[in-house]
Amino acid sequence: PTRKRIFSGMQPTDGSLHLGNYIGALSQWIALQESYDALYCVVDLHALTVSPDPALLRERTRSTAAQYLAGGIDPERSILFVQSHVAAHAELAWLLSCQTGFGEAGRMTQFKDKSAKQGSEGTTVGLFTYPVLMAADIMLYDAGLVPVGEDQRQHLELTRDLAERMNTRFGAGTAVVPDAHIVKAVAKIQDLQDPSSKMSKSSAGGKGVVWLLEDPKKAVKAIKSAVTDADESYGVRFDPAEKPGISNLLTIFSAVTGRDIDHIAKEYDGRGYGYLKVDLADAVVAFLEPFQARADTYLADPAELDRVLADGADRARAIARPVLDRMYERFGL
Ligand code: ADP
Ligand code: NA
């Protein structure tokens, strides 16, 4: 292809994506679809690693696709599809499993964190091989660029190592070595209650998370009770080391309004943090309401959503098939 191809995906593990997913991932995807051939995937096979209820998984897969559309993914321009609809993901993952060292996979910090929480009996082999499936997702489309948040950097490094290893073992051109596309400024939206850790579906209690599909009143509450530093006399400025809470609020403010962070900081500097929070809450509501209305429209027309996803799967398969054939041929299959 003349244009670089990009691939990215999110798991349908919750009823809703959160603001960190939107700012760190979805909004980047939307910007990138203008200038790249993009594939955006709902990675339902990845969600199986945490043994979801089947009916809930199916519903959340559709809801996640609706949120991609609501955020502005254009299914004419980009390929929007569900991972399990393209069997080649699982096929390539097996090939890559046999290229990945056991110790190498064991060094993934996300696996170490998640498996520590779940204990060895609660941890599936799928959770262990999750980054291998992710590498397959990317290589299956010869993707050269992968827009992700900071938390995925190590998995991307593994993908690059695997691609380079395959090119050495099986000949140049076996796999494209992808670059991570991590936009520093938004790569890590922090939990509103604990600005030292990232906003995540697994955040304790979830009080510091803004869900894209939740009642906007809850978002207002979460923002107004956001943890900031105690001393308001230090003012409003973007300084993630000294003022992580305030800096996080400024990042979110900028992301949902498109305004420059320094301009926002200047506007609120010298005033109480309360003013910043109230206006940010308004801005987030102004973002959430139309987003939710668009998501509802897509969810209210299941036949159209199915059509979009079936068309995306057809187009994804057409790219994946020759790539998988090439891999099989190189591996001696
Ligand atoms: P989570 O981290 O909540 O489990 P996922 O692993 O499904 O969510 O992440 C989906 C995408 O959203 C990934 O590209 C990830 O890097 C990005 N992402 C997740 N949380 C954040 C965050 N707090 N800030 C920025 N990006 C994030
Ligand atoms: Na993550």
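All ligand and atom numbering here is 1-based and tracks the order in the structure.
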One finds that the ligand 1 atoms under 4.0 Å from a non-hydrogen atom of M10 are 10 (C), 11 (C)
**Message:** Does the plane of the ring in F7 sit parallel, tilted or perpendicular to the ring in F81? Use 30° and 60° as the thresholds.
**Reply:** perpendicular
Nearest heavy atom to atom 17 (C) of ligand 1, choosing from L17, L26, N21, belongs to N21
Is it the case that ligand 1 has an N or O less than 3.5 angstrom from some N or O of D151?
yes
Logged contact type for I189 with ligand 1, heavy-atom cut-off 4.0 Å, is both
| field | Nitrogen or oxygen atoms of G9 and ligand 1 under 3.5 Å apart | value | no
Quick one: do D314 and R317 make a salt bridge, cutoff under 4.0 Å? yes
- Message: Tell me whether ligand 1 is touched by H18 - counting only heavy atoms on the residue side and a distance under 4.0 Å.
- Response: yes
So the ring-ring contact (aromatic ring centres under 6.0 Å, His included) pairs with at least one residue in residues 296-333 (sequence neighbours excluded) are F170-F331
_Short side-chain to backbone donor-acceptor contact, R259 and F253, under 3.5 Å_ = no
> Are D151 and K188 within salt-bridge range, i.e. N to O under 4.0 Å?
Replying inline: no
A student checking ligand 1 against A25 at a 4.0 Å heavy-atom cut-off should list atoms 11 (C), 12 (O), 14 (O)
*asked:* Strictly below 4.0 Å, N to O, side chains only: are R153 and E150 in salt-bridge contact?
replied: yes
Note to self: Do K277 and Y268 form a cation-pi contact, if we require the NZ or CZ to be under 6.0 Å from the six-membered ring centre and within 45 degrees of the ring's axis?
What the structure shows: no
- Query: Looking at side-chain heavy atoms only, is the closest gap between W94 and L96 below 4.5 Å?
  - Reply: no
Under 4.0 Å from one or more heavy atoms of G24, ligand 1 contributes atoms 25 (C), 26 (N)
Is there a polar contact, in the sense of an N or O pair closer than 3.5 Å, between K198 and ligand 1?
yes
Counting only nitrogen or oxygen atoms and a 3.5 angstrom limit, does P147 reach ligand 1?
no
Check: of K188, Q152, H155, min heavy-atom distance to atom 6 (O) of ligand 1 comes from Q152
Ligand 1 atoms nearer than 4.0 angstrom to some heavy atom of S200 are 3 (O)
> Can we say R60 and D44 salt-bridge, meaning some charged N sits less than 4.0 Å from an Asp/Glu carboxylate O?
Replying inline: no
Near G149 (heavy-atom distance under 4.0 Å), the atoms of ligand 1 are 14 (O), 15 (C), 16 (O)
Margin query: Salt bridge check, E104 against R165: does any charged N sit closer than 4.0 Å to a carboxylate O?
Written below: yes
Review point. Hey, does K114 come in under 3.5 Å of ligand 1, counting only N/O atoms on both sides?
Key: no
Note: ligand 1 atoms sitting under 4.0 Å from heavy atoms of Q11 are 7 (O)
